[in-house]
Every structure is written in C-alpha cells, then in structure tokens.
Amino acid sequence: MRVCDLIDGKSPFISLEFFPPKEREAWPAFFEVVDKLKVLDPLFASVTYGAGGGTQDNTLEIATRMKRDHGIEPLTHLTSVGASAEKLDGFLESLVKADIDNVLALRGDPPRGVADFDFSAQEFKHASDLIEYICSRYPELCVGGAAYPEPHCESPSIKSDLDMVHLKVRKGAQFLVTQMFFDNRMYFDYVERLKLMGADVPVIPGVMPLLSLKSAKFILSLCGAAIPGKFLSALEKAHEEGGDDAVYALGIDYATKQAQELIDGGAPGVHLYTLNRAEAVIEIGKNLNI
C-alpha cells in the first residue's frame with residue numbers, strides 16, 4: 001500500500017527505519033529484530049540505500065522479504081549519487097514487480113573514499129531531480145523526500161534549505177521524513193514555515209534515542225544535529241556517574257518524551273531510527289500514548 005494513503009488512514013502512528021546489513025550472515029539476526037518490532041504495529045518501515053553502491057543491492061531483497069514474510073509495508077530509500085536513468089529504471093521496475101509502492105528519494109552522500117566528489121557532474125544532481133523523474137515515469141509509486149528542521153550542512157541559509165524542500169514538494173513529494181533532531185521547537189517552526197510556503201504535506205519527525213555517549217557523538221558527527229546544552233550536560237553527567245547504562249536510561253526517557261510531545265503537538269506520527277536494535281525502540285514505542 002502507498003504510504004501517503006496509509007498516513008491519511010491512521011494518525012498518529014509509529015514508523016521505523018532499518019539499514020541493510022552488509023553481510024548476508026547477519027540477515028537472520030536482522031530479520032529477528034524486524035519481527036520483534038512488529039509488536040509496535042508500524043505504519044511502514046524504511047530501508048536505507050547504501051551510498052555509491054554500498055548496500056543498495058540488498059535494499060530490494062530486504063524490502064521484499066519485509067513485506068512478504070513479516071507483513072510490514074516497506075519504504076525503500078533511493079539515492080541519485082552515481083545513478084543514471086537506466087539504473088533508476090531497473091530498480092524502480094523491480095520495485096513495481098515486487099509490489100512495493102513507496103520510495104524515499106534522496107540525493108545521498110558522496111561515495112566513501114572519493115575526495116572532492118562533484119554532485120553537479122551527476123545525471124541527477126538533486127533529490128528534487130530524482131523526485132521529478134520518478135513521479136513522471138512511475139505515477140503509481142508514492143514518493144517521499146527528506147526534510148531538515150536544522151538546515152542541511154551544505155545549505156547556505158535557512159531560507160535556501162526551505163526553498164529546496166518546497167521544490168521537492170512541487171516536484172511531487174507526497175510526504176517528508178525529517179533528519180533526527182532534539183529540539184521539538186525546531187520541528188514545529190519548520191512545519192509552519194513550509195505550510196506558509198504552500199508545502200502542506202505530512203512531515204514525519206525522525207527521532208533517534210541516544211543510547212551511549214560514544215555512539216551519540218559519532219552519530220551527531222555524521223548528521224550535524226545539535227543536542228540542547230542541558231541534555232548534553234545531563235548525558236555527560238549520567239556517563240560519569242553510571243556509565244553507558246545510565247546514558248541508555250536517560251536516552252530512552254528523552255526520546256520517549258520527545259516523541260510524545262511531537263504527537264501531542266500534532267505531528268502525524270514519529271519515525272524511529274532503530275539502528276537495527278529492537279529493545280530500545282520497543283521500550284519507547286510501548287510507552288507512547290497513541
């Protein structure tokens with residue numbers, strides 16, 4: 001089923017994000033996690049798509065098995081990095097044949113190990129180009145885009161970032177999923193600004209629990225999201241006094257309260273970044289009043 005139709009039929013909801021394990025030996029454990037998380041009755045689950053070919057060959061098979069064997073509606077990521085029209089058609093036609101109806105269209109990150117990667121030399125330079133291509137050639141698919149309550153690290157200004165996301169909607173994106181953030185005021189302000197621009201589509205906030213101080217710093221170094229000062233101080237204090245167990249408990253509590261506040265404030269649902277771990281996400285999901 002199309003995610004845009006599912007959102008219309010059920011709100012608020014929980015959705016999930018997984019990344020395909022690189023090694024097939026890890027797949028049985030991965031699908032055990034998927035099966036455990038069915039207890040949350042997720043509206044859909046997104047499956048990431050490796051930059052420059054890292055895991056993209058696994059995305060289709062994992063999404064197919066997720067739907068066929070586990071009864072979870074998949075949303076497959078698709079990036080424009082290194083993509084040609086021919087490659088895109090091959091992947092998208094495979095989705096249609098597999099009865100997968102949903103794509104999250106992204107520009108993607110530069111391939112690992114490629115210095116000074118030139119996005120302008122790509123056949124599809126921006127996510128908006130990818131969205132336009134999919135919507136024009138595969139109108140049966142429901143296409144989503146990424147959004148950034150904190151501006152994308154490459155955006156020259158907040159306005160420029162909003163303009164780019166607005167363009168995604170004008171090109172056909174029917175919903176948006178946000179990068180992780182930790183200050184809900186940013187999300188609500190962001191959604192209001194988009195509505196004023198005419199981009200009135202569901203904006204699903206992404207929530208990631210910070211489960212250890214080390215992983216928190218690593219994750220944030222990748223995406224550039226800012227942690228509110230009080231929360232960061234609390235994480236550091238918890239680590240000093242109780243190590244990773246104390247950080248884990250604090251991270252779960254913060255993510256649960258953040259998600260509940262988003263839902264109570266009118267967000268259509270919450271998109272939980274699982275990191276392919278079940279226990280923390282189940283704890284958060286079961287504590288939400290939805």
Side-chain angles (χ1 to χ4, degrees), residues 3-4 6-7 11-19 42-49 75-79 102-109 126-128 130-131 142-155 158-169 173-197 199-210 216 219-220 222-228 231 254-275 281 284-285 288 290:
V3 163
C4 41
L6 292 172
I7 293 172
S11 188
F13 58 82
I14 291 172
S15 57
L16 307 172
E17 178 161 305
F18 298 97
F19 60 89
L43 192 72
F44 64 89
S46 65
V47 183
T48 63
Y49 190 79
L75 167 66
T76 58
H77 289 210
L78 180 57
T79 64
N102 307 292
V103 175
L104 189 67
L106 310 163
R107 186 198 69 173
D109 299 320
H126 305 287
S128 56
L130 190 58
I131 290 168
C142 176
V143 182
Y148 303 87
E150 295 178 85
H152 192 281
C153 59
E154 296 176 24
S155 292
I158 293 174
K159 183 180 184 305
S160 174
D161 193 86
L162 285 163
D163 287 341
M164 183 57 73
V165 175
H166 185 204
L167 179 61
K168 294 178 185 180
V169 175
Q174 294 170 278
F175 66 96
L176 301 168
V177 180
T178 80
Q179 175 63 275
M180 73 186 79
F181 59 92
F182 299 92
D183 185 342
N184 287 349
R185 293 173 299 179
M186 292 183 174
Y187 168 81
F188 291 117
D189 179 67
Y190 186 80
V191 171
E192 187 61 30
R193 287 176 183 237
L194 285 174
K195 285 182 179 179
L196 290 173
M197 297 172 73
D200 192 9
V201 298
V203 182
I204 308 168
V207 174
M208 178 179 285
L210 300 180
I219 290 165
L220 298 179
L222 294 178
C223 72
I227 304 181
F231 182 37
Y254 190 93
T256 303
K257 289 178 179 176
Q258 181 187 7
Q260 190 65 61
E261 184 180 274
L262 288 163
I263 290 168
D264 293 344
V270 289
H271 190 65
L272 300 178
Y273 291 96
T274 70
L275 298 178
V281 178
I284 294 167
L288 293 179
I290 58 174

Under the side chain to side chain contact (heavy atoms under 4.5 Å, CB included) criterion, do Ile158 and Arg193 qualify, and how do the steps go?
-> CA-CA 11 Å; Ile158 293 174; Arg193 287 176 183 237; 4.0 Å; yes
Ser15/His271 under side chain to side chain donor-acceptor pair (under 3.5 Å): CA gap, chis, key distance, verdict | CA-CA 5 Å; Ser15 57; His271 190 65; 2.7 Å; yes
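Note on ring orientation: taking the six-membered ring where Trp is involved, the planes of Phe13 and Phe44 are tilted (angle from 30° to 60°).
Using a 4.5 Å heavy-atom cutoff, the side chains of Leu130 and Leu106 are not in contact. By the 4.5 Å heavy-atom criterion applied to side chains, Thr274 and Phe19 are not counted as neighbours. Between Lys195 and Asp200, the closest side-chain pair of non-hydrogen atoms falls below 4.5 Å. Met197 is listed as a side-chain neighbour of Asp163, based on a closest heavy-atom distance under 4.5 Å. Contact check for Met208 versus Glu17: no side-chain heavy atoms found under the 4.5 Å cut-off. A 4.5 Å side-chain heavy-atom check between Leu176 and Tyr190 finds every atom pair outside the cut-off. Counting heavy atoms from C-beta outward, Gln260 and Asp264 have side chains that approach closer than 4.5 Å.
Taking CD of Gln258 as the start and OG1 of Thr256 as the end, the distance is 10.0 Å to the nearest 0.5 Å. Note that CG of Leu16 is 6.0 Å distant from CG of Leu272, once rounded to the nearest 0.5 Å. A distance of 5.0 Å separates CG of Leu104 from CG of Leu75, quoted to the nearest 0.5 Å. Expressed to the nearest 0.5 Å, how far CG of Leu288 lies from CD1 of Ile14 amounts to 5.0 Å.
Evaluated for a side chain to side chain contact (heavy atoms under 4.5 Å, CB included) with Ile204, the options Ser11, Ser46, Pro268 yield exactly one hit, Pro268.
Heavy-atom minimum distance, Ala255 versus Ile284: CB-CD1, 3.7 Å. The minimum heavy-atom distance linking Ala105 with Ile131 is given by the pair CB-CG1, 3.5 Å. Across all non-hydrogen atoms, the minimal contact from Asn184 to Glu261 is ND2-OE2, 2.8 Å. For the residue pair Gly269 and Pro205, the shortest heavy atom distance occurs at O-CD, 3.0 Å.
A donor-acceptor pair is defined here as one N or O able to donate and one able to accept, closer than 3.5 Å; no such pair exists between the side chain of Tyr254 and the backbone of Leu210. In this structure, the side chain of Thr178 engages the main chain of Gly206 through a donor-acceptor pair within 3.5 Å. Remark: the backbone N or O of Asn102 is paired with a side-chain donor or acceptor of Thr76 at under 3.5 angstrom. Using a distance-only test at 3.5 Å, with no hydrogens or angles considered, no donor-acceptor pair links the side chain of Glu150 to the main chain of Phe182. No side-chain donor-acceptor contact under 3.5 Å links Tyr187 to the backbone of Pro149.
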